[in-house]
**Q** 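Have a look at this one before I ask anything.
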Amino acid sequence: MPATEELRCTSDDCELDMFENHYTYDVDDDLGVDDLQCPLCGGTDCLELIEV
């Protein structure tokens, strides 16, 4: 089963508090949170992994 991560946006200007990211089987092994952008504000350095 592909990985799933919960992420939050830490930007004070963004109203998104959490979203779930579902990966496919063919995603590169070295893809990380730093490679993603917030789906609401578009920020690239404001995402943080929520540890469960």
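The residues of the chain are indexed from 1 along the displayed sequence. The structure displayed is predicted, hence computed values, not measured ones.
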**Q** Looking at CG of Asp17 and OG1 of Thr10, how far apart are the two atoms once the value is rounded to the nearest 0.5 Å?
**A**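 The OG1 atom of Thr10 is 12.5 Å from CG of Asp17, to the nearest 0.5 Å.
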**Q** Identify, with sequence neighbours excluded, every residue that meets side-chain hydrogen bond (donor to acceptor under 3.5 Å, both in side chains) alongside Glu15.
**A**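 Residues passing side-chain hydrogen bond (donor to acceptor under 3.5 Å, both in side chains) with Glu15: none at all.
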**Q** Please list all pairs meeting salt bridge (charged side-chain N to carboxylate O under 4.0 Å, His left out) that have one or both residues in residues 27-49, counting only residues at least two apart or in different chains.
**A**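 Those involving residues 27-49 are Arg8-Glu48.
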**Q** Show your reasoning for whether side chain to side chain contact (heavy atoms under 4.5 Å, CB included) applies to Cys38 and Ser11.
**A** CA-CA 10 Å; Cys38 176; Ser11 173; over 6 Å; no
**Q** Determine, step by step, whether Cys46 and Cys14 satisfy the side chain to side chain contact (heavy atoms under 4.5 Å, CB included) criterion, reporting the C-alpha distance in whole Å, the side-chain angles of both residues, the deciding distance to 0.1 Å, and the verdict.
**A** CA-CA 10 Å; Cys46 55; Cys14 186; over 6 Å; no
**Q** Mind checking the CE-CD1 spacing from Met18 to Ile50? Nearest 0.5 Å is all I need.
**A**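 Answer for the CE-CD1 pair, Met18 versus Ile50, is 6.0 Å.
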**Q** Taking side chain as C-beta onward, heavy atoms only, is Cys9 less than 4.5 Å from Leu47?
**A**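 A side-chain contact exists here, since the closest heavy-atom pair is under 4.5 Å.
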**Q** Check side-chain hydrogen bond (donor to acceptor under 3.5 Å, both in side chains) between Asp13 and all other residues, then give those that pass, not counting sequence neighbours.
**A**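 Per chain and number, Asp13 pairs via side-chain hydrogen bond (donor to acceptor under 3.5 Å, both in side chains) with no residue.
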**Q** I'd like to know whether Leu7 forms a side chain to side chain contact (heavy atoms under 4.5 Å, CB included) with Glu20, so could you lay out the CA-CA distance, the side-chain angles of the two residues, the decisive distance to 0.1 Å, and finally the verdict.
**A** CA-CA 6 Å; Leu7 301 148; Glu20 204 168 72; over 6 Å; no
**Q** For the OG1 atom of Thr4 and the CG atom of Asn21, what is their distance to the nearest 0.5 Å?
**A**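 Nearest 0.5 Å value for the OG1-CG distance: 8.0 Å.
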**Q** Side chain to side chain contact (heavy atoms under 4.5 Å, CB included), that's the test. Do Tyr23 and Leu31 meet it? Break it down for me.
**A** CA-CA 10 Å; Tyr23 293 99; Leu31 182 78; 3.3 Å; yes
**Q** Between Leu49 and Glu6, is there a side-chain heavy-atom distance shorter than 4.5 Å?
**A**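 No, too far: nothing below the 4.5 Å cut-off.
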